[in-house]
Amino acid sequence: KNEVEQSPQNLTAQEGEFITINCSYSVGISALHWLQQHPGGGIVSLFMLSSGKKKHGRLIATINIQEKHSSLHITASHPRDSAVYICAVRSPYSGGGADGLTFGKGTHLIIQP
Amino acid sequence: DTEVTQTPKHLVMGMTNKKSLKCEQHMGHRAMYWYKQKAKKPPELMFVYSYEKLSINESVPSRFSPECPNSSLLNLHLHALQPEDSALYLCASRPPTGEKLFFGSGTQLSVL
């Protein structure tokens, strides 16, 4: 079974700070997702990565396949970025539910004004 | 339309009630999912529908009954639930090609 570890579990920062959230997984994957969940529930898919780096606005996601590690960066953080950020991996090699997704436990981010 | 719409947003029900959750998408996605999420936990997969057929049931109790009447609509029928079933129920869909999941905003369910 693919184990997905996220760090930190909780992060509080000041507006404008550069934020990094990390995700490590234990076995090879076909794709890694970064998801954002606001209080109240809805989940938004931010990125899907299989290699390299992607950028969308102030968000940057990178993945190192050899090291089995991905990072999500937020530049010029803003209070509206406060949310839970979830890493999920799709692996053809092990469990992760019927659709092959194994979720991390999430990182609870609070950006203070 | 790039949304997955779930109704109701909130639901309170007694243990003897029968209720249904609804999920709708008009993006032409042919895979639809029900997830259950307890507070401060990641989502747990309950059911997967692929081309309107139930392809996976992750050993969910029979008091949860999914239905997929057509390619745009997914229901979750609830009957004789227990207080421990209180959770956020999320619907998601995925296009025929591609990895990205589209989630609804969820139904927050409380069972009294």
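Here is the naming used below: chain letters follow the sequence lines, and residue numbers restart at 1 for every chain.
- Two residues are said to be in side-chain contact when any heavy atoms from C-beta on lie closer than 4.5 Å; Lys105(A) and Lys40(B) fail this criterion.
- Note that NZ of Lys100(B) and CG of Leu35(A) are 10.0 Å apart. Values are rounded to the nearest 0.5 Å.
- Residues Val89(A) and Ile65(A) fall within the same hydrophobic cluster, defined by Ile, Leu, Val, Met, Phe, Trp and Tyr side chains chained together at heavy-atom separations under 4.5 Å.
- Linking ILVMFWY side-chain heavy atoms closer than 4.5 Å, directly or via other members, places Leu88(B) and Val84(A) in a single hydrophobic cluster.
- Taking each heavy atom of Pro43(B) and Ile43(A) in turn, the nearest pair found is CG-CD1, 4.0 Å.
- Of the two parts of Gln37(B), only the side chain, counted from C-beta on, holds a non-hydrogen atom closer than 4.5 Å to a non-hydrogen atom of chain A.
- Here the OG-NE2 distance, from Ser105(B) to His38(A), works out to 12.5 Å after rounding to the nearest 0.5 Å.
- Both Leu72(A) and Leu49(A) belong to a common hydrophobic cluster when Ile, Leu, Val, Met, Phe, Trp and Tyr are linked at side-chain heavy-atom distances under 4.5 angstrom.
- Interatomic distance, Tyr33(B) OH to Leu101(A) CG, rounded to the nearest 0.5 Å: 7.5 Å.
- For Gln9(A), the CD atom sits in a loose shell: 12 or fewer heavy atoms of surrounding residues, nucleotides or ligands are nearer than 6.0 Å.
- Interface remark: of the candidates Gly106(A), Ser50(A), Ser45(A), Ser45(A) forms the most heavy-atom pairs closer than 4.5 Å to chain B.
- Sorted by first and then second residue, the ring pair (Phe, Tyr, Trp, His ring centres under 6.0 Å) pairs with a member in residues 56-84 of chain B read Phe64(B)-Tyr89(B); sequence neighbours excluded.
- For Lys54(A), the NZ atom is densely surrounded, since the number of other residues' heavy atoms within 6.0 Å is greater than 12.
- Annotation for Gly104(A) and Pro42(B): closest pair O-CB, 3.3 Å, computed over non-hydrogen atoms.
- For the atom pair Glu44(B) CD and Phe103(A) CZ, the distance stands at 10.5 Å (nearest 0.5 Å).
- In this structure Lys22(B) satisfies the salt bridge (Lys or Arg N to Asp or Glu O under 4.0 Å) test together with Glu24(B), sequence neighbours excluded.
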